[in-house]
Amino acid sequence: MINIIKKVGWFIKQEWKSYTFMLFMLLFMSLLLLTPAFVLGKAIDIIVSSSLTVALLVIIVGLLILIPLLRYATSFIYNYTVAKTSQKLAFTFRKIYLKKLFQMDAEFYEKYQKGDLISRATGDLDLITSAATSMLEGIVFNTGIIVFAIGIMAFTISWKLTLIAITIMPIGITVLNFIRMKKRQYVKKHRIIYAKMTEKILESVEGQRVIRAYVQEDNDLKDQYKAIDADINSWSYMIKYENQLTPLFELVYGITYILSFAFGAYFIMNQEMSLGQLITFISYVGILYGPFISISGVFQQINNATVAIDRFDEIMKTEPTVKEEINDEKLITFKQIDFRNVSFKYPFDETYTLKDINLTIHHGETLGVVGPTGSGKSTLIRQLLREFNVTDGEIYIDGKNISKFKIRDIRNLVGYVPQSHMLFRRGVYDNILIGNPEASFEAVDKAMQVADFKKDLPYLNQGLETKVGEGGATLSGGQKQRLSIARALVREPEILIMDDSLSAVDANTEETIIHQLKQYRKNKTNIIIAHRFSAIRDANLIIVMENGRIVDRGTHEELISRDGWYKEQYIQQMSMK
Ligand code: ADP
C-alpha cells in the first residue's frame with residue numbers, strides 16, 4: 001500500500017482538492033448508510049412506548065425518504081469525481097509510459113515483446129489507477145462505516161454487546177490475511193501468463209494473412225487455446241483462494257449474529273436495552289458484513305496493483321544502453337565516418353555478428369555492400385542508426401567517437417530504407433511525409449519522382465490520398481519499396497541507406513532509380529546494400545561481406561578482376577540476364 005502511495009503520491013498532492021472532497025463525501029456517505037437503521041430503532045422504541053404521534057410519524061417517514069435521496073445525490077457527485085480523477089491519473093501514467101517507450105533502444109525491444117508492453121500499458125495501468133482511487137473509497141468508506149457503526153453500537157446501545165459481537169472478527173481477519181498472502185504469488189504469475197496470451201493474440205492478428213495462406217488456422221487456434229487455457233488455469237488458482245474468503249466470512253458472521261441476538265435478548269430481559277436498540281444493533285451487524293468483505297477486497301486490489309506497479313516500474317527504471325554523453329556535439333554534416341576494429345554481438349547472442357570491421361565512408365561517395373544473406377550487411381550499416389552500442393572497437397565521425405553526438409542528430413543525418421517496409425495506416429502522401437513532416441508538396445513530388453513512385457499513382461484508387469492498410473496491405477512489394485525510398489529521400493538526408501531496397505522492383509525500374517539517385521544525390525552519401533550488382537556497380541567503393549567480416553573491397557572493376565565471391569556472383573548474374 002505504501003508502495004502505491006509512493007508511486008501516486010505526486011498525483012494525490014497535485015489533486016489534493018479532489019481527494020479531500022472525495023474523503024469528506026465518503027465519510028458523509030458512510031454516516032448516511034447507518035442512519036436508516038438508527039431512525040428505525042428509535043421509531044420502534046417510540047411505537048413500543050406508545051408515544052407515537054402523527055407529527056412524529058411524519059418526521060420519521062420524512063427522514064426515511066430524505067436519506068435515500070441524499071445518498072443518491074452524494075454517490076452521484078462522488079462517482080463523477082472519482083471517474084474524472086482516475087481517468088486523469090490513467091492518462092498521465094500512459095503519457096509517461098509512452099514517452100519512456102520512445103526513449104528506449106533496440107536492446108529493450110529485443111528483450112520485451114510487444115504483447116507484454118501492451119499489457120503493461122493497459123491491464124497493469126488500469127489496476128494501478130483503479131487502486132489509486134478505489135483504495136481511498138475502499139478504505140475510507142468502509143473504515144468509516146466500521147468505526148461509526150461500532151461507535152454507535154458501543155456508545156449509544158451497549159458496549160458489552162458490542163464487545164461480544166466483534167471479538168470474533170479479528171480471528172476472521174487474521175485467516176483472511178494469511179490467504180491473501182498466498183494469493184499474491186499467483187497474481188504475479190498470472191500477469192506474466194496474461195501478457196503471453198496478449199502476445200499470442202497480437203501475433204495471430206498481425207500474421208492472419210500468412211496463417212490463412214498456409215492454412216494454419218487450426219494450428220494457430222490450438223496455440224491460441226493453449227495460451228488461453230494457461231490464462232484460465234492461472235485464474236483458477238487465484239479464484240481458489242478468493243473462494244476461500246467468502247464462506248469463511250459467512251461462518252464468522254453466522255456466529256456474530258447468533259451471539260448478538262442471544263445476548264441482546266438477554267439484555268432486554270434484564271432491561272439493559274430496548275427492542276429498538278436491539279433491532280438497530282442487529283441491523284448494524286448486518287451492515288458491517290459488507291465493509292469487512294470490501295476492505296479485504298481492497299487489500300486484494302492493492303496486492304494486484306502492487307504487482308502491476310512492480311511491472312510498470314521495471315520498465316520505467318530500465319535505462320537505454322545506447323546513451324549520449326552529456327557534452328554532445330552538434331552534428332549537421334560530416335566529412336568521413338570510420339569504423340575501427342568494430343565487432344558486434346546482438347544483446348542476447350553468444351556469437352559475434354560483425355568481426356573486426358575497418359571501414360571509412362567518405363562524404364559524397366556511394367558505398368555498395370554485398371555478400372551472402374546473413375553475412376551481416378544490415379547489421380553493419382544499421383550501426384549508423386545508433387540502435388545498439390558496438391561490442392568492441394569504435395566508430396568515429398570526423399575523428400570524434402559516435403557516442404559524443406546526440407542520437408537524434410545522428411539519426412537526422414540518415415534516411416533509412418529498411419528491408420521490411422513499415423507503412424502506417426494513413427494515406428500515401430502522409431506515409432511519405434513521415435520522412436519529413438515539414439516537406440513541401442514539391443519536395444514530396446520530387447522524392448516520388450526519384451524513387452520512381454509517380455508512375456504508380458494512376459493505379460491507386462485515390463491517388464496520394466489512398467489509404468495504405470496496416471503494414472501497407474494494399475500496395476505491391478515493389479510499390480512499398482518505392483514509397484519507402486521516397487520517404488527516405490524527402491528528408492534530403494546526408495546519408496541515404498538502402499537496405500536491399502530494390503529487391504522487389506524489376507531491372508528497368510532499378511536502373512531508373514539508380515540513374516535518378518546519381519543525379520539527385522550527387523554530393524551526398526549513399527550506402528546501398530544489394531543483391532543485384534547492377535545497383536552498385538558504379539559505387540565508389542564496394543565491400544564484400546562474409547560471415548561478419550569484410551572479405552574484399554574495391555570498385556566493381558577491381559573486384560571482377562580478381563577471383564572471389566564477387567566475381568563468381570557477377571558471372572552468375574550476367575549469365576541469367
Ligand atoms: P544480411 O543483411 O547480410 O542478410 P543481417 O545483418 O541481417 O545479414 O544478419 C546477420 C546475422 O545477424 C544473421 O545471422 C541474423 O540472424 C542475425 N541477426 C539479425 N538481426 C538480429 C537481431 N535483432 N538479434 C539477433 N540476431 C540478429
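Residue numbers count from 1 along this sequence. As the structure lists them, so they are numbered: ligands from 1, and atoms in each ligand from 1. Values below: all heavy atoms of this structure, side chains included; hydrogens, waters and symmetry mates excluded.
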Note to self: Under a 3.5 Å distance rule, please check whether Asp552 uses its side chain to pair with a backbone N or O of Tyr566 as donor and acceptor.
What the structure shows: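 Between the backbone of Tyr566 and the side chain of Asp552 there is no qualifying donor-acceptor contact (under 3.5 Å).
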Check: Hey, is the main chain of Asp499 close enough, under 3.5 Å, to the side chain of Ser501 for a donor-acceptor pair?
Finding: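 Flag set: sc Ser501 to bb Asp499 pair under 3.5 Å.
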Next item on the list: Just jot down the ring pair (Phe, Tyr, Trp, His ring centres under 6.0 Å) partners of Phe312, sequence neighbours excluded, or say none.
Entry: Phe93, Tyr97
Next item on the list: Using the test ring pair (Phe, Tyr, Trp, His ring centres under 6.0 Å), find all partners of Phe388 that sit at least two apart in sequence or belong to another chain.
Entry: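 With sequence neighbours excluded, Phe388 shows a ring pair (Phe, Tyr, Trp, His ring centres under 6.0 Å) to Phe344, Tyr346, given in chain and number order.
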Checklist line | Protein residues that have a heavy atom under 4.0 Å from any atom of ligand 1, sorted by chain and number | finding: Glu110, Tyr346, Asp349, Thr353, Pro372, Thr373, Gly374, Ser375, Gly376, Lys377, Ser378, Thr379
Check: Would Glu511 and Ser534 count as having a side-chain donor-acceptor pair, cut-off 3.5 Å?
Finding: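 Absent: no donor and acceptor within the cut-off.
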Show which side-chain atoms of residues 226-234 pair as donor or acceptor with protein atoms under 3.5 Å away, not counting sequence neighbours.
{"residue": "Ser234", "atom": "OG", "partner": "His190", "partner atom": "ND1", "Å": "2.5"}
{"residue": "Ser234", "atom": "OG", "partner": "Asp231", "partner atom": "O", "Å": "3.1"}

